[in-house]
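These notes are about the structure you will find just below.
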Amino acid sequence: MSDSETRGSAGRGDDFIRRIVREDLASGKHQRVVTRWPPEPNGYLHIGHAKAIWLNFGIAAEFGGRCHLRFDDTNPAAESSEFVAAQQADLRWLGYDWGEHLHFASDHFEALYQFALELVRRGRAFVCDLSPEEILERRGTLTEAGSESPFRERSRDENLDIFEQMRAGAFEPGSRVLRAKISMASPVLTMRDPALYRIVAARHHRSGADWPIYPLYDFAHCLSDAIEGVTHSLCTMEFVDHRPLYDWILAALDLPEPRPRQIEFNPLRLTHTVLSKRWCRELIERGHVEGWDDPRMPTLAGLRRRGVPPEAIRALCAGVGVTRREEATTQLARLEFEVRTLLNQSAPRRLGVLRPLKLVIENYPEGQSEEVELANNPEDPAAGTRHTGFGRELYIERDDFAETPPKKFYRLSPGSEVRLRGAYLITCTEVVKNAAGEVSEVRARYDPESRGGSAPDGRRVRGTLHWVSAQHALPATVRLFDRLFLAEDPLATAPGEDFTKHLNPESCVVVEDARVEPALAAFERGACFQLERLGYFCVDLDSKPGRLRLNRTVTLRDTWAKIAARS
RNA sequence: UGGGGCGUCGCCAAAUGGUAAGGCAGCGGCCUUUGGAGCCGCCAUUUGCAGGUUCGAGUCCUGCCGCCCCAGCCA
């Protein structure tokens, strides 16, 4: 990863967390930094996760430490090994490596159980026989204290005995729970004698049927951090209220110092999209998108299929920075900016026509054709050149011709001269229309002296058009993607409405009969390239030889669209 | 409403008592064989509001206002 990328397009490569880490290293509190990224394997990773990944792995790398990948698999009912595999694949694609430090909370189940026993022995936890409903009733409210469980003062030995029976599988799910003995009067709801262990009758994807009881997040997380030697436990802002409990458990067990420290930061939020698992699932189930890897989805799988380079996602994370402003929402345009920046440097250029309009060069000999040379990437001479066929019959973009041109229209119109990129200068001589009065063909004369695109007499032409040879071009299906939602915040709806009212009806426009230059046939699935003047595209996963299928990742900046929109 | 977090340009975000960076977006212009790219310029007399302390306040104090998070045996 390059320095500028690690630091981001705008960031200074510093933030309050890096400052803390630096101080902890400088003061000698820690010899080396250990972070962890702790996903639950219960779904697909999305761009919001990318920021936490970037932060945890990035800090470890920058300070010469290590970052563990730890699957937080304490809820067997929701988790599966399929998600474990999918998430690892997404992580690798994003560019991260955890080396030998692949961990699972389930690796720590026995150690966690022993810690729980110790907590009971110390009189800091008790088995509660209340039902979930009864516990809820006694939790109190935001303003009123809760009431203590009638089982709160059970003896140490009785607690030990019942908890061991829980572990042995003697009880039904929901019948009992191990709770921390803290305070039912705490203004922090998380501290009101929180549940630590519950009984779950579900097969665990790794431990199978070994355990009838499972630790809850608050218990498992801080202790897993401690067990693995994590120094800085970075999580998003919604866990601020959990920090007192994180610290309480580690202290109650007298764990050696220095203990892991939880530090919260703001999550990545994007406009025009929805990042919660629930809403993403709903989009799929209601048929608004085709699946988790639909190119309009904010999932890493979707972004990958869309053609978004992982470097662009990392650059976005670095660019938006790390603060504690939870509501900070990044504009989608910023992601597009990072994508364009990356692809402008790296994507090879090709020619393709989305909505073909036939162009006949009247003075070009029938039956003749030739090869013209085009730069693969004007930004990168090392990318070399290629040759592509040119002939009497071509296709140009419909939008590039206007019978009555608006002001400042530099493209083709009757009598105007333009350049066909890399080929010749042509002058429009005639417009052919069909019975419906639509332009069906344009005729022109070319200047044989202008081969390559410039005239020997030095005359300047304003417009340069992309084109494709009718004889050589390949047909392609192209999906033009745009933002899935029209509204910045799709979830902001009036009563009685839902987010579907904000769906963009044109989020996926399918062009069935595009024509592209033959060289595109050599591109593998997933390959990214620029169709000159149109945007960045990639070869779709479902593309087949002879049935080329392309996805538009993002358009180019379109100055003309702005000018045209103004008048 | 109890607790917590947060308010600096349309968006993101620096500034750690010394006189409001930068990026995105936008707007002008230059340049151009992609109306792409690149380049130049403009874009906060003021930091939610009101007081106070100080030679000096976005930074410290007081009071208000606003937004967000928390009442799973989810994570």
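Considering only residues two or more places apart in sequence or on other chains, A:P173 meets the side chain to side chain contact (heavy atoms under 4.5 Å, CB included) condition with A:I199, A:A201. With sequence neighbours excluded, the residues forming a ring pair (Phe, Tyr, Trp, His ring centres under 6.0 Å) with A:F104 are A:F71, listed by chain and number. Every salt bridge (charged side-chain N to carboxylate O under 4.0 Å, His left out) that A:D129 has, sequence neighbours left out, goes to A:R154, A:R176. Shown here are the ring pair (Phe, Tyr, Trp, His ring centres under 6.0 Å) partners of A:F83, two or more places apart in sequence or in another chain: A:Y44. Residues passing the side chain to side chain contact (heavy atoms under 4.5 Å, CB included) test with A:L342, sequence neighbours excluded: A:P309, A:E311, A:A312. Here A:Y246 pairs with nothing under the ring pair (Phe, Tyr, Trp, His ring centres under 6.0 Å) rule; sequence neighbours left out. A:R421 pairs by the salt bridge (charged side-chain N to carboxylate O under 4.0 Å, His left out) definition with A:E532, not counting sequence neighbours.
Counting only Watson-Crick and G-U wobble pairs whose two distances sit under 3.5 Å, RNA chain B takes part in these stems of three or more pairs: B:2-7 with B:65-70, B:10-12 with B:22-24, B:26-30 with B:38-42, B:48-52 with B:60-64.
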Just the atom pairs and distances: protein N or O near nucleotides 7-10 of chain B's N or O, under 3.5 Å.
from, atom 1, to, atom 2, distance (Å)
B:G10, N2, A:Q331, OE1, 3.0

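Under 3.5 Å, the side chain of A:E379 and the base of B:G36 form at least one donor-acceptor pair of N or O atoms. Side-chain to base pairing of A:R411 with B:G35: one donor and one acceptor N or O lie within less than 3.5 Å of each other. In the interface, the side chain of A:E144 is not paired with the base of B:U1 through any donor and acceptor atom under 3.5 Å apart.
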Distance-only check: which donor-acceptor pairs under 3.5 Å involve side-chain atoms of residues 212-220 of chain A, not counting sequence neighbours?
from, atom 1, to, atom 2, distance (Å)
A:Y214, OH, A:W211, O, 3.1
A:D218, OD1, A:H242, ND1, 2.8
A:D218, OD2, A:H242, ND1, 3.3

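Of the residues in residues 417-428 of chain A, those lying under 4.0 Å from RNA chain B by heavy-atom distance are A:R419, A:R421, A:G422.
Without hydrogens or angle criteria, A:R398 side chain to A:R355 main chain gives no donor-acceptor distance under 3.5 Å.
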Protein heavy-atom contacts under 4.0 Å, written 5' to 3' over nucleotides 70-75 of chain B as B (base), S (sugar-phosphate only) or - (none), form the string BBSBSB

